[in-house]
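What follows is a set of notes on a single structure, which appears directly below.
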Protein chains: 2
Amino acid sequence: MNGFVRIGEKPEIARLPLFREMDDAKRERVFAGSFLQVFPPQLTLFEVGQHADFLHVLVDGLVELSATSGGRDTTMRIVEPVTSFILAAVVNDLPYLMTARTLEASRILLVPAALIREVIRQDTALMQATMRELALAYRDLVRALADMKLRQSAERLGNYLLQQAAQDDAGRTIQLRAEKRLLASLLGMTPENLSRAFSALAAHGVRVEGSSISIVDSDALRAFARPDPIPV
Amino acid sequence: MNGFVRIGEKPEIARLPLFREMDDAKRERVFAGSFLQVFPPQLTLFEVGQHADFLHVLVDGLVELSATSGGRDTTMRIVEPVTSFILAAVVNDLPYLMTARTLEASRILLVPAALIREVIRQDTALMQATMRELALAYRDLVRALADMKLRQSAERLGNYLLQQAAQDDAGRTIQLRAEKRLLASLLGMTPENLSRAFSALAAHGVRVEGSSISIVDSDALRAFARPDPIPV
DNA sequence: TCAGATATTTGATAAATGTCAACTGAGATG
DNA sequence: CATCTCAGTTGACATTTATCAAATATCTGA
């Protein structure tokens with residue numbers, strides 16, 4: 001299951017903001033030099049400190065990115081398909097700051113770092129897309145850090161739910177794709193605390209049934225969580 | 001005090017990683033379309049949500065960038081000269097996510113956002129430098145967020161001191177350029193808590209005299225703060 | 001230099017979060 | 001179908017951090 005990209009995968013990858021605008025021939029070259037690989041669940045793809053050999057594009061499955069500080073580690077991002085990840089390390093040819101682990105069986109496009117750096121230098125549209133992608137990622141982190149510094153746990157959870165509901169356009173019901181312990185780590189709290197945060201949100205329009213969360217009163221939740229007014 | 005860049009300022013700005021590699025004529029064009037302005041202390045340069053009209057380069061003085069979440073706000077960065085700031089908002093033509101305020105009287109080069117975006121499109125070296133800058137900024141934030149999630153306050157302070165000592169190459173003594181309340185906000189704690197964190201670090205090789213902090217036993221401090229092993 | 005304003009520190013207390021242990025329930029396995 | 005395992009929840013308690021108040025230090029400007 002290891003080899004060049006097959007035809008079937010290309011369109012959805014080519015449609016990514018990162019690759020969308022670039023020259024077709026160059027894109028072809030990138031794909032030809034990359035390989036799509038299948039990984040089992042719970043496999044570590046790379047670890048903090050390792051040299052960044054590949055830009056990753058998750059085509060199918062689920063991946064966790066975690067970072068370490070003072071010995072312990074924390075979930076930084078849960079990557080859903082189709083998304084590229086670990087772009088910043090690749091661009092600057094620096095060691096990974098995060099560890100990546102599959103949560104489910106996943107298909108991942110591995111783009112050799114040297115290749116993508118070379119094509120970035122040659123293709124202005126790709127470079128510009130990379131720049132945009134990094135700037136957006138930066139802004140996401142600014143928000144995440146401000147949230148972490150200023151909001152308490154139930155509020156962070158409330159905002160996470162509102163955000164998920166908005167972007168999955170699932171309307172009012174959110175299906176958690178990962179375990180709750182992971183969500184807890186992503187939101188910077190313990191599983192016990194997450195559990196209590198969910199209880200607290202019951203009074204603010206949130207109903208929980210296993211991994212299915214419904215926002216039954218989104219005004220009430222908004223009033224409690226005070227989401228950031230500036231759109232992404 | 002408002003006008004085109006005078007000769008005296010150019011060299012140090014041109015030496016910035018962001019502008020260093022670009023075509024000389026293009027750089028000249030950027031400078032010609034920008035203006036250097038002097039601001040008094042405690043002046044708000046722009047606020048969250050405003051449209052990003054200028055890339056800023058702090059030439060002299062001190063600037064605070066703060067972000068807002070749930071009504072309150074927190075210091076995200078203390079900008080020292082000579083550094084550009086607010087690049088991500090300018091690149092993507094999006095509203096500022098942060099508020100900027102001078103802490104001291106400051107001279108700032110204001111580069112019109114439309115101009116820098118245009119020149120970025122034309123000059124590959126500048127685009128690449130922008131991309132690199134954003135990727136590095138992203139990585140800084142990854143670290144900051146992991147720290148915030150995983151370390152407690154005295155540990156965060158310890159690491160901040162180690163990092164400052166390393167980069168200012170001031171050796172063992174750090175001069176705080178801003179008020180301690182600001183440092184507290186930057187590190188995500190209250191001023192009271194910062195004060196106690198300093199007391200706690202007394203037992204780990206740190207001596208405080210007003211705004212002058214000495215690391216008298218850097219091994220002890222390192223043992224306590226367990227700094228991240230991966231270099232910046 | 002002194003008075004007033006402001007920053008910082010210290011103490012007492014409250015709130016939020018983490019830790020540990022026990023319990024519950026759902027899914028997996030034989 | 002029983003039971004085994006483990007994620008999730010709940011309760012009791014410890015720790016960390018915030019809050020409020022007061023005391024002290026530092027800075028500013030007349």
Side-chain angles (χ1 to χ4, degrees), chain A residues 41-42 62 64 69-75 78 103-105 147-160 174-204 206-213 224-225, chain B residues 40-42 62 64 69-75 78 103-105 147-160 175-204 206-213 224-225:
Chain A
Q42 307 301 335
L62 202 62
E64 178 207 22
S69 222
R72 292 191 291 185
D73 58 78
T74 184
T75 305
I78 295 172
L103 298 173
E104 306 173 353
D147 264 27
M148 192 66 211
K149 287 168 79 173
L150 293 172
R151 305 185 117 116
Q152 46 200 58
S153 52
E155 229 175 312
R156 290 201 299 276
L157 174 59
N159 277 305
Y160 175 84
I174 299 142
Q175 271 300 327
L176 300 182
R177 292 211 47 183
E179 292 173 332
K180 283 186 185 165
R181 48 174 17 189
L182 234 96
L183 177 58
S185 176
L186 179 68
L187 294 175
M189 61 185 99
T190 58
E192 293 94 328
N193 202 351
L194 175 67
S195 187
R196 287 169 180 129
F198 270 124
S199 310
L201 290 188
H204 302 280
V206 174
R207 196 144 324 292
V208 181
E209 276 170 80
S211 65
S212 162
I213 320 290
F224 172 79
Chain B
Q42 305 303 334
L62 202 61
E64 178 209 19
S69 222
R72 292 191 291 185
D73 57 78
T74 184
T75 304
I78 295 172
L103 297 173
E104 304 174 353
D147 264 26
M148 193 65 210
K149 287 169 80 174
L150 293 172
R151 306 186 117 115
Q152 45 199 59
S153 52
E155 228 175 310
R156 290 201 299 277
L157 174 59
N159 277 304
Y160 175 83
Q175 271 300 327
L176 300 180
R177 292 212 44 183
E179 292 173 332
K180 283 186 185 165
R181 48 173 16 190
L182 234 96
L183 178 58
S185 176
L186 179 70
L187 295 175
M189 61 184 99
T190 58
E192 292 94 328
N193 202 352
L194 176 67
S195 186
R196 286 171 181 130
F198 270 123
S199 310
L201 290 188
H204 303 280
V206 174
R207 197 143 326 290
V208 181
E209 276 170 78
S211 64
S212 162
I213 321 290
F224 173 78

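Residue numbering restarts at 1 for every chain, and letters A, B, ... go by the order of the sequence lines.
Phosphate proximity of dG18(C) to Thr190(A): present, with a side-chain N or O under 4.0 Å from OP1 or OP2. Residue Ser195(A) has no polar side-chain atom (N or O) positioned under 4.0 Å from OP1 or OP2 of dG8(D). Residue Ser199(B) places none of its side-chain N or O atoms closer than 4.0 Å to OP1 or OP2 of dT9(C).
Whole-Å rounding puts the Leu194(A) CG to dT19(C) P distance at 15 Å. Rounded to a whole Å, the CD atom of Glu192(B) is 10 Å from the P atom of dC20(D). Rounded to whole Å, atom C1' of dG18(C) lies 15 Å from atom CE of Met148(B). In this structure, CG of Asn193(A) is placed 13 Å from C1' of dT10(D), rounded to the nearest angstrom. A straight line from CD of Gln152(A) to C1' of dG18(C) spans 15 Å, rounded to a whole angstrom. In this structure, CZ of Phe198(A) is placed 10 Å from P of dG8(D), rounded to the nearest angstrom. Residue Leu150(B) contributes atom CG, which lies 16 Å from atom C1' of dT19(C) at whole-angstrom precision. At whole-Å resolution of the value, CD in Glu104(B) and P in dT28(D) are 12 Å apart.
Where Lys180(B) and Arg72(A) each meet DNA chain C at their nearest nucleotide, the meeting point lying more 5' is that of Lys180(B). In terms of position along DNA chain D, the nucleotide closest to Gly210(A) lies nearer the 5' end than the nucleotide closest to the other residue of the pair Gly188(B) and Gly210(A). Of the two residues near DNA chain C, Lys149(B) and Arg181(B), the one whose nearest nucleotide lies more 5' is Arg181(B).
For the pair Thr74(A) and Lys149(B), the tightest heavy-atom approach, listed with the atom from each and the gap, is OG1-CE, 2.9 Å.
Taken to the nearest 0.5 Å, the OG atom of Ser211(B) stands 4.5 Å off from the CD atom of Gln175(B).
Judged by distance alone, with hydrogens and angles left aside, Arg196(A) brings no side-chain donor or acceptor close enough to the base of dG8(D) to form a pair under 3.5 Å.
Within the 4.5 Å cutoff, side-chain heavy atoms of Leu187(B) are placed close to those of Leu183(B). You'll find the side chain of Glu104(B) reaches within 4.5 Å of the side chain of Arg177(B), heavy atoms only.
Nucleic acid contact class of Arg151(A) (heavy atoms, under 4.0 Å, all strands): none.
Of the candidate nucleotides dT8(C), dG18(C), dA18(D), dT8(C) has the atom lying nearest to any side-chain atom of Glu179(B).
The side-chain contact (heavy atoms from CB on, under 4.5 Å) test with Ile213(A) singles out one residue from Val206(A), Leu157(A), Leu201(A), and that residue is Val206(A).
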